[in-house]
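Worksheet: the structure to be examined is printed underneath.
Side chains are part of it too, since the values below use all heavy atoms of this structure and drop only hydrogens, waters and symmetry mates. First listed ligand is number 1; within each ligand, the first listed atom is number 1.
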Amino acid sequence: MAVALVVAAGRGERLGSDGPKALVPLAGRPMLHWSVDALAATPGIERIVVALPPGHEQDVPEGCVGVTGGAERSHSVRAALAAAGDAAVLLVHDAARPLLTPELTAHCLAALDEDGGWDAAVAAAPVTDTIKRAPVGLAVEETLQRSALWAVQTPQVFRRAALEQALSHPDAELAAATDDAMLVERDGGRVRVVAASADNIKVTTPLDLELAALLLQRRA
Ligand code: CTP
Ligand code: MG
């Protein structure tokens with residue numbers, strides 16, 4: 001059995017809403033509730049821990065364990081992990097991805113246990129743009145081979161020891177890490193990608209919020 005850690009403690013500065021992003025109304029309910037429902041509908045998840053913004057602990061969805069998040073995302077993951085009991089598998093998910101489905105969640109959990117000695121399995125969509133590496137204002141150094149590139153999302157599923165080791169990196173490294181799995185990779189862990197739909201979008205800007213509402217309405 002796995003425990004889900006949902007990080008919802010960000011301020012949502014780029015969205016520019018009144019309150020925290022995870023609690024912004026989206027298709028009729030707080031954004032956070034969409035992810036929690038998908039996780040609750042996934043077999044194999046025994047508990048859902050939600051890291052909430054300080055002062056919003058009372059907004060924990062029914063049936064979840066609420067904890068107070070930290071100043072950085074990694075601090076919020078750590079706070080949630082501390083309330084996860086002794087689960088051997090942890091699933092980390094951003095509340096900012098409300099299009100999560102039970103199917104994708106189940107695929108990530110199953111991928112961790114397939115042969116290969118995996119330490120982590122992360123949802124990711126194939127990249128559709130051509131990606132070039134270039135210092136700003138200078139000549140392009142490289143055009144990357146697109147067929148090998150993935151745009152990484154959450155959920156990200158981890159063996160407990162791998163996630164604990166990742167979160168034990170110095171704060172500066174944690175702050176610079178754009179996902180949890182890259183720290184596992186740096187520690188020599190085996191991370192695999194699980195093909196996900198590009199519509200598992202992250203809500204960052206007001207445009208994303210509009211798109212998420214349309215996608216959720218289409219689903220209903
Ligand atoms: N998060 C968190 N604790 C933090 C920072 C972020 O739990 N201290 C969570 C967010 O709630 C979100 C996820 O991490 O679900 C991804 O972060 P991001 O999309 O950057 O959300 P915000 O930090 O809220 O947005 P912004 O960076 O625009 O302020
Ligand atoms: Mg942020």
Contacts of Glu185 that satisfy salt bridge (Lys or Arg N to Asp or Glu O under 4.0 Å) - sequence neighbours left out: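 Listed in chain order: nothing, the list is empty.
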Pairs where residues 74-92 contributes a residue and the test salt bridge (charged side-chain N to carboxylate O under 4.0 Å, His left out) is met, not counting sequence neighbours: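 Every pair satisfying salt bridge (charged side-chain N to carboxylate O under 4.0 Å, His left out) with a residue in residues 74-92: Arg78-Asp171.
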Any pair counted as salt bridge (charged side-chain N to carboxylate O under 4.0 Å, His left out), so long as it reaches residues 208-220, sequence neighbours left out: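 Matches after skipping sequence neighbours: Asp199-Arg218.
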For ligand 1, the residues whose heavy atoms come within less than 4.0 Å (ordered by chain, then number):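 Correct list: Val7, Ala8, Ala9, Gly10, Arg11, Gly12, Glu13, Arg14, Lys21, Gly70, Ala71, Glu72, Arg73, Ser76, Asp94, Ala95, Ala96, Lys202.
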Glu142, CD atom: more than 12 neighbouring heavy atoms under 6.0 Å: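 Yes.
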Pairwise side-chain contact, Val24 with Pro30, heavy-atom cut-off 4.5 Å (strictly under):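 Not in contact.
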Side-chain touch Lys21/Leu32, heavy atoms, less than 4.5 angstrom: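 Sidechains of Leu32 and Lys21: no contact.
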